[in-house]
Amino acid sequence: MQKNRVGLIGSGSWATAMIKMLGDNVVEKDIYWWVRKQEDVDYIKEHKKNPSYLSAVEVKLDTDHISTHAREIIQRSNIIILNTPAAYLKAALEGVTKSDFEGKIIVSAIKGIVPDENLIIGDYLQQVYDVPLDYILVVGGPCHAEEVSLEKLSYLTFGSKSEENAKWVASLLACRYIKTIISDDVYGIEYGAVLKNIYALAGGICHSLGYGDNFQAVLISNAIREMETYVETIDPNPLRDINKSAYLGDLLVTAYSQFSRNRTFGAMIGKGYSVQSAQLEMNMVAEGYYASACIQHYMHKHQIELPICEAVYQILYQHKSATTIISQLAEKLS
């Protein structure tokens, strides 16, 4: 079996959490890490900590395995994990060619859509870099970076059309606090991860508007049905169980957790923040904002009715009154 050489593209909180998983995993491997800022690279090399995110996490990498050059990291690796905000993926991969990805397993840990192309990451990799579907994996499940840093028991689902590749990648991230699940539902996991951010954003808006836990429970029970409607329209799969942790579990933790940036973003919108001011104050990307516009495109294309997604879009992009829109949405829920 070829030597494990894992390259991780991204340096935010979720990427740093995955660096921790890779370092705590006992399987022999070389780990390479693309970090965007040179000053962060210098700090990590000296202090073994990421100064910008999850600064308590110890970084267990050789100093010459950290670089600001994504193409260098990709060329040194045979498994590449993409872990940037979806909106910044193209910038992160600038200069990377199709040949750089050839024959390599590409893992998407990105729970978002590439905005300009309106493509989930798997489709983007196939269309832009000619990566075969069997060489694409998606990582899903309820797994906040902050809890990984605290070594709270968490579960990750690895989706791939190749069971062998899914098991291989999962074996490199499993550790005492990470349990792994294998699935072949690549599209369901990826679209579910996109949608749950929109629903969490809706939950945050409703919380700030004064809706209580009773309403939130109804909102999220409707959300999981919306998610099932969407993924079954886009990619019908009779074996898909929407109640599994990659779908319902990820939705629940994103909708309710104190660590959910999408819920936080939605709560700020519900308080009257503009999108721009909320983004500036958070200093982190809420994928649900970009996903809302992209999912709206697919709703129209496939003529799918998703009332919660529609409501969020109207608030974020059409600048309609959150109070009015959520009041109207409440009449449609059951």
Quiz item: Which atom pair, heavy atoms only, marks the closest approach of Ser67 to Ile73?
Solution: CB-CD1, 3.9 Å
Self-check item: NZ (Lys167) with more than 12 external heavy atoms under 6.0 Å
Solution: no
Practice problem: Assess whether atom OH of Tyr88 is packed by more than 12 heavy atoms of other residues, nucleotides or ligands within 6.0 Å. | Solution: no
Quiz item: How about Lys60: does its NZ atom have over 12 heavy atoms from other parts shown lying under 6.0 Å from it?
Solution: yes
Quiz prompt | Within 6.0 Å of CD in Glu102, more than 12 heavy atoms from elsewhere | solution = no
Quiz item: Do any N or O atoms from the side chain of Ser260 and from the backbone of Ser257 form a donor-acceptor pair under 3.5 angstrom?
Solution: no
Quiz item: Just by distance, do the side chain of Asn4 and the backbone of Glu28 share a donor-acceptor pair under 3.5 Å?
Solution: yes
Quiz item: How long is the gap from CG on Leu8 to CG on Leu61, to the nearest 0.5 Å?
Solution: 9.5 Å
Exercise. Describe, in one word, how the ring planes of Phe265 and Tyr289 are oriented to each other, choosing from parallel (under 30°), tilted (30 to 60°) and perpendicular (over 60°).
Key: tilted
Quiz prompt | Residue pair Gly249 / Pro142: nearest heavy atoms and the distance that separates them | solution = O-CB, 3.4 Å
Quiz item: Where the side chain of Ser277 meets the backbone of Tyr273, is there a donor-acceptor pair that is under 3.5 Å apart?
Solution: no
Practice problem: Answer yes when Arg36 and Asp40 have at least one side-chain N-carboxylate O distance shorter than 4.0 Å, and no when they do not. | Solution: no
Exercise. Nearest 0.5 Å please: distance from the CD1 atom of Ile269 over to the OG1 atom of Thr264.
Key: 12.0 Å
Quiz item: What's the verdict on side-chain contact (heavy atoms from CB on, under 4.5 Å) for Ile189 and Ser183, showing C-alpha distance, side-chain angles and the deciding distance?
Solution: CA-CA 9 Å; Ile189 292 170; Ser183 171; 3.8 Å; yes
Quiz prompt | Pairs involving residues 202-217, ordered by first then second residue, that meet salt bridge (Lys or Arg N to Asp or Glu O under 4.0 Å) (sequence neighbours left out) | solution = none
Quiz item: Would you say Tyr43 and Val35 are hydrophobically clustered, going by side-chain heavy atoms of ILVMFWY under 4.5 Å?
Solution: no
Quiz item: How far apart are the closest heavy atoms of Gly288 and Ile198, and which atoms are they?
Solution: O-CG1, 3.9 Å
Exercise. Can you see which heavy atom on Phe215 is nearest to which on Cys206, and at what distance?
Key: CE2-SG, 3.6 Å
Quiz item: How far does CG of Asn243 sit from CG of Leu248, to the nearest 0.5 angstrom?
Solution: 5.5 Å
Quiz item: Is the side chain of Lys49 donor-acceptor paired with the backbone N or O of Ala56 at a distance under 3.5 Å, no angle test?
Solution: yes
Exercise. Could you tell me whether the side chain of Arg263 and the main chain of Ala200 form a donor-acceptor pair under 3.5 Å?
Key: no
Quiz item: So, are Lys111 and Glu190 salt-bridged, with charged N and O less than 4.0 Å apart?
Solution: no
Quiz item: Donor-acceptor pair, Ser160 side chain versus Glu163 backbone, under 3.5 Å?
Solution: no
Practice problem: Run through Lys3, Arg5, Arg76 and flag the one making a salt bridge (Lys or Arg N to Asp or Glu O under 4.0 Å) with Asp30. | Solution: Lys3
Exercise. Could you walk me through whether Leu89 and Tyr124 pass the side-chain contact (heavy atoms from CB on, under 4.5 Å) test, one step at a time?
Key: CA-CA 10 Å; Leu89 179 62; Tyr124 182 76; 4.1 Å; yes
Quiz item: Are Phe101 and Val96 close enough, and set up right, to give a side-chain contact (heavy atoms from CB on, under 4.5 Å), and what steps lead you there?
Solution: CA-CA 8 Å; Phe101 279 148; Val96 175; 4.1 Å; yes
Quiz prompt | Ile106 side, atom CD1; Ile80 side, atom CD1 - distance, nearest 0.5 Å | solution = 4.0 Å
Quiz item: For Thr16 and Ser11, which heavy atoms make the closest approach, and how far apart are they?
Solution: OG1-O, 3.7 Å
Practice problem: Look at atom NZ of Lys29 and say whether more than 12 heavy atoms of other residues, nucleotides or ligands are closer to it than 6.0 Å. | Solution: yes
Quiz item: Short question: side chain of Trp34, backbone of Thr68 - any donor-acceptor pair under 3.5 Å?
Solution: yes
Quiz item: Do His207 side-chain atoms and Ala267 backbone N/O form a donor-acceptor pair below 3.5 Å?
Solution: no
Practice problem: Report the C-alpha distance between Arg240 and Asp235 in whole Å, list the side-chain angles of each, state the deciding distance to 0.1 Å, and finish with yes or no for side-chain contact (heavy atoms from CB on, under 4.5 Å). | Solution: CA-CA 10 Å; Arg240 180 183 293 121; Asp235 180 48; 3.1 Å; yes
Practice problem: Could you tell me whether the side chains of Gln127 and Glu117 share a donor-acceptor contact shorter than 3.5 Å? | Solution: no
Quiz item: Under a single-linkage definition using a 4.5 Å side-chain heavy-atom cutoff for Ile, Leu, Val, Met, Phe, Trp and Tyr, are Met21 and Trp33 assigned to the same hydrophobic cluster?
Solution: yes
Quiz item: More than 12 non-hydrogen atoms from neighbouring residues, nucleotides or ligands closer than 6.0 Å to OH on Tyr313, yes or no?
Solution: yes
Exercise. For Tyr177, look at atom OH and say whether over 12 heavy atoms of other residues, nucleotides or ligands are found less than 6.0 Å away.
Key: yes
Practice problem: In plain terms, say whether Lys90 and Glu94 are close enough for a salt bridge, that is, a side-chain N and a carboxylate O under 4.0 Å apart. | Solution: no
Exercise. Establish whether Val107 and Val128 are linked, either directly or via other cluster members, by ILVMFWY side-chain heavy-atom contacts under 4.5 Å.
Key: yes
Practice problem: Applying side chain to side chain donor-acceptor pair (under 3.5 Å) between Ser13 and each of Arg261, Glu146, His144, report the one that passes. | Solution: Arg261
Self-check item: Exercise: do Tyr199 and Glu226 side chains pair donor with acceptor under 3.5 Å
Solution: yes
Quiz prompt | Geometric class of the Tyr187/Tyr191 ring pair [parallel <30°, tilted 30-60°, perpendicular >60°] | solution = parallel
Exercise. Please list, chain by chain and in numerical order, all residues satisfying side-chain hydrogen bond (donor to acceptor under 3.5 Å, both in side chains) with Asn222, sequence neighbours excluded.
Key: none
Quiz item: Is the CD atom of Gln318 crowded by more than 12 outside heavy atoms at less than 6.0 Å?
Solution: yes
Got a list of side-chain donor-acceptor pairs under 3.5 Å for residues 323-334, not counting sequence neighbours?
residue: Thr324; atom: OG1; partner: Ser321; partner atom: OG; Å: 3.3
residue: Ser334; atom: OG; partner: Arg225; partner atom: NH1; Å: 3.4

Quiz item: So, are Lys196 and Asp250 salt-bridged, with charged N and O less than 4.0 Å apart?
Solution: yes
Exercise. To the nearest 0.5 Å, tell me how far Ile136 CD1 sits from Leu125 CG.
Key: 5.0 Å
Quiz item: Between Asn25 and Ser171, what is the shortest heavy-atom contact and its length?
Solution: ND2-O, 2.8 Å
Self-check item: Cationic N near anionic O, under 4.0 Å, Asp185 to Lys244
Solution: no
Quiz item: Any side-chain donor-acceptor pair under 3.5 Å between Asn197 and Glu287?
Solution: no
Quiz item: Taking the inter-plane angle between the rings of His302 and Tyr298 on a 0 to 90° scale, is it parallel (under 30°), tilted (30 to 60°) or perpendicular (over 60°)?
Solution: parallel
Quiz item: Under 3.5 Å, side chain of Asn237 to main-chain N/O of Glu232, donor-acceptor pair present?
Solution: no
Exercise. For Asp62 and Asp64, indicate whether the former's side chain and the latter's backbone hold a donor-acceptor pair under 3.5 Å.
Key: no
Exercise. In sequence, state the C-alpha distance, the side-chain angles, and the governing distance for Asp130 and Lys98, and then conclude on salt bridge (charged side-chain N to carboxylate O under 4.0 Å, His left out).
Key: CA-CA 7 Å; Asp130 292 339; Lys98 294 178 182 180; 3.2 Å; yes
Quiz item: Is Val41 reachable from Leu54 through a run of hydrophobic residues whose side-chain heavy atoms are each under 4.5 Å from the next?
Solution: no
Quiz item: Quick one: do Met18 and Ile182 end up in the same hydrophobic cluster if we chain Ile, Leu, Val, Met, Phe, Trp and Tyr together by side-chain heavy atoms under 4.5 Å apart?
Solution: yes
Quiz prompt | Ion pair check, Glu151 and Lys20, cut-off under 4.0 Å | solution = yes
